[in-house]
Amino acid sequence: MTGIMHKEVRVRFAPSPTGYLHVGGARTALFNWLFARHHGGKFILRIEDTDFVRSSEEMVEGILEGLRWLGLAWDEGPYFQSRRLEHYRSFADRILKQGNAYRCFCKTDEHADRKSEYPVNAPEDAVAHECAELTGEDSRRRAESGEPFAIRFKVPPDKTSFHDRVFGKIEIENKILEDFVLIRSDGIPTYHLVVVADDIDMGITHVIRGADHLSNTPKQILLYRAAGSPLPDFAHLPLILGPDKQRLSKRHGATSVMAYAEMGYLPDAFFNFLSLLGWSPGDDREMLTRRELTQLFSLEGVGKADAVFGPEKLDWFNSRYLRDISTETLRELALKELEASGIECFETESLDARMELLKVRIRKLTDFSTIFKAFFTDDFDYDPAACKKFLKDPKLQAWIPKLHSLYNEDREFTLESTEAILRSLADREGIKAGLLINAVRVALTGQGVAPGLFEVMQVLGRQRTIDRLERLGKYLNSTPED
RNA sequence: GUCCCCAUCGUCUAGACGGCCUAGGACACCGCGCUUUCAAUGCGGCAACACGGGUUCGAAUCCCGUUGGGGACGCCA
């Protein structure tokens, strides 16, 4: 156990499958992964599913899916705590035999009562447990007679302190700690026990987890001591909060990692964004590859203050990654997105040209099936705002058919010819070209904003351009002026 | 209520030994340029050391207090 392996860094991500992988958990996993990779160590996945009521198989799958999407491959596991119950029991027995724990025969609701009282009583110290005073003889006899009991850790007097790699020295008075349960009366071990037992067992060298565990750490340290095991390094990560500075929750919208996948974010962008939440390389760099991140990551760069999860910057990262991606990859992603949205894409030949036009304008993959839908299907609507802005001139009713027939006669239909035709029509009519251009943009894309109009014509092709002009003509005729 | 922790622009943050900080970068936002709209891009702008005391020749950086925020106090994890 010790010896040859003692230098290898071993970290773990230990989610409980009572929900999907949320951004906070993902960030924790990410930092663990980065730390392991940086040190050439192992990243272990452990599922903490000792809460049988709330845990589910489905959630486990969801968590694995999220980790895979983010590209956080684990080196060992997943280990399931629900399959190691015997192990924890023997760990607890050992503590019990040593006299560092005792059987508690109280009913569970007795403690519930006491708990409801304590904000009123505001006791200095934790409530005492009379079962701690039971003699070994009594205790054993009652246990053997079949009376149900829990096993509680006997918190020793004095103080407990430790050095956290991000928060520094943490110290508490042990008397504020209640004798906590190790094994419930139904025989199922609790979190504090399993986490310590497993971390010892799996040779975890660095416990990197959310700061919500900071005040639980002293209890666990007591357990390490009782077990006679050396302490791992602890590094608690500041929490991720919602824009209202409250703990991130469903109220804040999407908190599940897979929701971001579905909204069209790229895993690399999300990865990069997450890596900068609570950590900084120390300089101004922000666009960082996994490789760079791995090289740069260190616990020293982790800040202490909680971070607000603001999606605007994620959007920016995403658009940057989208822009830098290869056309082939983008094409595949676009096709996947269109398929998922039930859009049948026409003319796959000019797809790459369309990608080129669109890539600097999209912020999310879903933009392909929403605002830029008209680049892939004829089944699109005119954006009401665009109509209001660009189709209001009644003369358009005459100009659009003219343009339609001009393009119909234009055999070349090149970038140059299409532009020349439109501009000369504008000249003859004595109007600004922009007026026509904007209207035609609505005709071709349904939107008020799009890539350069004549380039759009090229990627759509002559026939489609003509058809769409005709469609606009009909639309203008059928719409009563206002 | 008790204990623990945190505190730089709206947001993410840089800011090792206190002086290089009239506090830097990025996102967002606002102008201007480019332009057929948008995006991209270039330039410029707005905007922070929570507050109060110390220590010091000198503090965003150290100490104390206040305020604010978060977390933990379960036979949940």
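The shown structure was predicted, so the numbers you read here are calculated from the model rather than taken from an experiment.
Looking only at atom types and distance, the side chain of A/Tyr79 has no donor-acceptor partner in the side chain of A/Asp198 under 3.5 Å away.
Under 3.5 Å, the side chain of A/Thr190 and the base of B/C75 form no donor-acceptor pair of N or O atoms.
OP1 or OP2 of B/C6 has at least one side-chain nitrogen or oxygen of A/Lys304 nearer than 4.0 Å. Contact annotation: A/Arg285 side-chain N/O to B/G25 OP1/OP2 distance is not under 4.0 Å. Between A/Arg247 and B/A72 there is a side-chain N or O to OP1 or OP2 distance below 4.0 Å. A sub-4.0 Å separation between OP1 or OP2 of B/A28 and a side-chain N or O of A/Arg363 is present. Using a 4.0 Å cut-off, some side-chain N or O of A/Arg423 falls inside it from OP1 or OP2 of B/U36. The shortest distance between the side-chain N/O atoms of A/Lys169 and the OP1/OP2 oxygens of B/C4 is not below 4.0 Å.
Proximity note for A/Asp212 (side chain, C-beta onward) versus B/C27, B/U13, B/A72: the nearest is B/A72. You'll find that the side chain of A/Arg323 is closest to B/A40, out of B/A40, B/U11, B/U13. In this structure, the nucleotide among B/A72, B/U11, B/U36 sitting nearest to the side chain of A/Ile437 is B/U36. Here the nucleotide nearest the side chain of A/Val449, chosen from B/C75, B/U37, B/G25, is B/U37. When each of B/A39, B/A26, B/U11 is scored by its nearest atom to the side-chain atoms of A/Lys245, the top-ranked nucleotide is B/U11. Distances from the side chain of A/Glu178 to the nucleotides B/A28, B/G74, B/G71 place B/G74 closest.
With a 3.5 Å ceiling on both atom-pair distances, B/U36 lacks any Watson-Crick or G-U wobble partner. In this structure, B/A60 makes no Watson-Crick or G-U wobble pair, since no nucleotide meets both defining distances under 3.5 angstrom. Of all nucleotides present, only B/G65 satisfies the Watson-Crick or G-U wobble test against B/C51, with each distance under 3.5 Å. Both distances falling under 3.5 Å, in either a Watson-Crick or a G-U wobble arrangement, place B/C29 opposite B/G45. With a 3.5 Å ceiling on both atom-pair distances, the Watson-Crick or G-U wobble partner of B/C3 is B/G71. Shown here, B/A23 forms no base pair; nothing in the strands shown gives a Watson-Crick or G-U wobble contact with both key distances under 3.5 Å.
Checked against the 6.0 Å centroid criterion, the rings of A/Phe180 and A/His192 qualify as a close aromatic pair. Taking the six-membered ring for Trp, A/Trp279 and A/Phe297 have ring centres closer than 6.0 Å. With ring centers used as reference points, A/Phe317 lies 6.0 Å or more from A/Tyr260. Between A/His206 and A/Phe35, the gap from one ring centroid to the other is short of 6.0 Å. Between A/His213 and A/Tyr191, the distance from one ring center to the other falls under 6.0 angstrom.
Aromatic ring pairs are classed by plane angle as parallel below 30°, tilted from 30° to 60° and perpendicular above 60°; the pair A/Phe273 and A/Phe270 is tilted.
In this structure, the NZ atom of A/Lys159 is 10 Å from the P atom of B/C4, given to the nearest Å. At whole-Å resolution of the value, CD in A/Gln220 and C1' in B/A72 are 12 Å apart. Rounded to whole Å, atom P of B/G10 lies 17 Å from atom CG of A/Asp244. Going from atom CG of A/Leu239 over to atom P of B/A72 covers 8 Å, rounded to whole Å. In this structure, A/Leu276 places its CG atom 12 Å from P of B/C12, rounding to the nearest Å. We find that CD1 of A/Ile176 is positioned 8 Å from P of B/C3, with the value rounded to whole Å. Note: OH (A/Tyr321) to C1' (B/C27) measures 15 Å, nearest angstrom. Counting to the nearest Å, the C1' atom of B/U36 and the CZ atom of A/Arg441 are 6 Å from each other.
Near RNA chain B, meaning a heavy atom under 4.0 Å from it, residues 46-54 of chain A has A/Glu48, A/Thr50, A/Asp51, A/Arg54 in order of number.
The pair A/Lys395-A/Asp393 fails the salt-bridge criterion, with no side-chain N (NZ, NE, NH1 or NH2) lying under 4.0 Å from an Asp/Glu carboxylate O. Ion pairing between a basic and an acidic side chain is recognised when a charged N comes within 4.0 Å of a carboxylate O; A/Lys313 and A/Glu286 show such pairing.
Sorted by first then second residue, the side-chain hydrogen bond (donor to acceptor under 3.5 Å, both in side chains) pairs that include residues 43-53 of chain A, not counting sequence neighbours, are A/Arg46-A/Glu48, A/Arg46-A/Asp199, A/Glu48-A/Gln81, A/Asp49-A/Ser82, A/Asp51-A/Arg54.
Judged by the 6.0 Å and 45° rule, A/Arg468 forms no cation-pi pair with A/Phe380.
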Using a 4.0 Å heavy-atom cut-off, write out nucleotides 15-21 of chain B from 5' to 3' as B (base contacted by protein), S (sugar-phosphate only) or - (no contact).
-------

